[in-house]
Amino acid sequence: MPPAWALAALGFLLGRVDLFGLVRPFAPAFYAAAGALAPAWRGPVGVAVVLGALSQGAWDAAAAHAVFCFLEGLLVRRWRSGGLRGLAGRFVPVALVVYGILFLARFPGPYGVMLALFQTALGALLAAACHLALQPPAAYGRTWREALEERAPIWSLLA
């Protein structure tokens, strides 16, 4: 498993990413996926995601990320089902509420609804991808050594 400081650094960088200057699905997706795998990562990754948005001057996005992290953390304590279904079942309602309010406050009408739905759908797909990417190879029946020896393209860059 990657160390918490590495995940926090990645959360900071993903907190800075936006699409079209409006939509920021990467940060909440990474927070939800990292927190689903290890609850101890929720704090460092959540703070890093909010700081990443603040470093870009996106105060509204930082506030939305903070509320998302808080509500998703509360929902995890109530609903402990694991896997991708549990992740999507927690991510989608919280993202729809938080980012729906954000986008409808900025763009009342159908455009705000479309942006909220787009961010939620893309975020759910990214959360599933991050969840699968953060799992150790032992979850797939291999060890880290076997995964490194197979010389996947990303590992060959690091070796």
Side-chain angles (χ1 to χ4, degrees), residues 1-19 22-56 58-103 116-148 150 152-155 157-158:
M1 294 294 226
W5 64 267
L7 292 174
L10 184 58
F12 178 81
L13 293 175
L14 289 175
R16 295 182 51 87
V17 176
D18 63 345
L19 298 174
L22 294 172
V23 181
R24 297 173 176 266
F26 298 97
F30 183 71
Y31 170 80
L37 288 175
W41 292 344
R42 287 188 182 283
V45 172
V47 170
V49 160
V50 172
L51 289 176
L54 284 176
S55 71
Q56 226 182 7
W59 293 90
D60 56 348
H65 290 338
V67 171
F68 175 85
C69 292
F70 176 73
L71 290 178
E72 208 267 341
L74 285 178
L75 196 56
V76 159
R77 291 185 183 147
R78 299 272 184 215
W79 187 9
R80 293 201 179 264
S81 65
L84 292 177
R85 285 185 184 174
L87 177 65
R90 291 185 303 265
F91 182 86
V92 170
V94 175
L96 273 176
V97 169
V98 172
Y99 296 106
I101 291 171
L102 173 71
F103 287 127
L117 291 174
F118 178 69
Q119 172 148 343
T120 301
L122 186 57
L125 291 173
L126 289 169
C130 289
H131 182 76
L132 293 174
L134 288 174
Q135 286 182 345
Y140 301 111
R142 298 181 308 190
T143 63
W144 278 105
R145 186 174 220 43
E146 291 170 350
L148 287 173
E150 117 185 346
I154 188 70
W155 298 117
L157 294 175
L158 299 175

Quiz item: Any side-chain heavy-atom pair from Leu102 and Val98 closer than 4.5 angstrom?
Solution: no
Quiz item: Can you check whether Leu134 reaches Leu7 side chain to side chain, under 4.5 Å on heavy atoms?
Solution: yes
[X] side chain to [Y] main-chain N or O, any donor-acceptor pair under 3.5 Å?
X	Y	value
Ser55	Gly52	yes
Tyr31	Val49	no
Gln56	Arg16	yes

Residues in side chain to side chain contact (heavy atoms under 4.5 Å, CB included) with [X], at least two apart?
X	answer
Leu54	Val50, Leu51, Trp59, Ala62
Leu22	Arg106, Phe107, Tyr111, Leu115
Ala8	Pro44, Ala48
Leu126	Pro25, Phe26, Ala29, Leu122

Practice problem: Please list, chain by chain and in numerical order, all residues satisfying salt bridge (charged side-chain N to carboxylate O under 4.0 Å, His left out) with Arg42, sequence neighbours excluded. | Solution: Glu72
Which pair of non-hydrogen atoms, one from [X] and one from [Y], has the smallest distance, and what is that distance?
X	Y	value
Tyr99	Pro28	OH-CG, 3.5 Å
Pro93	Ala88	CD-O, 4.1 Å
Ala127	Leu87	O-CD2, 3.5 Å
Leu37	His131	CD2-CE1, 3.3 Å
Leu96	Ala116	CD2-O, 4.5 Å
Cys130	Phe30	SG-CD1, 4.1 Å

Quiz item: What residues form a ring pair (Phe, Tyr, Trp, His ring centres under 6.0 Å) with Phe91, not counting sequence neighbours?
Solution: Phe68
Quiz prompt | For Asp18, side-chain hydrogen bond (donor to acceptor under 3.5 Å, both in side chains) partners two or more places apart | solution = none
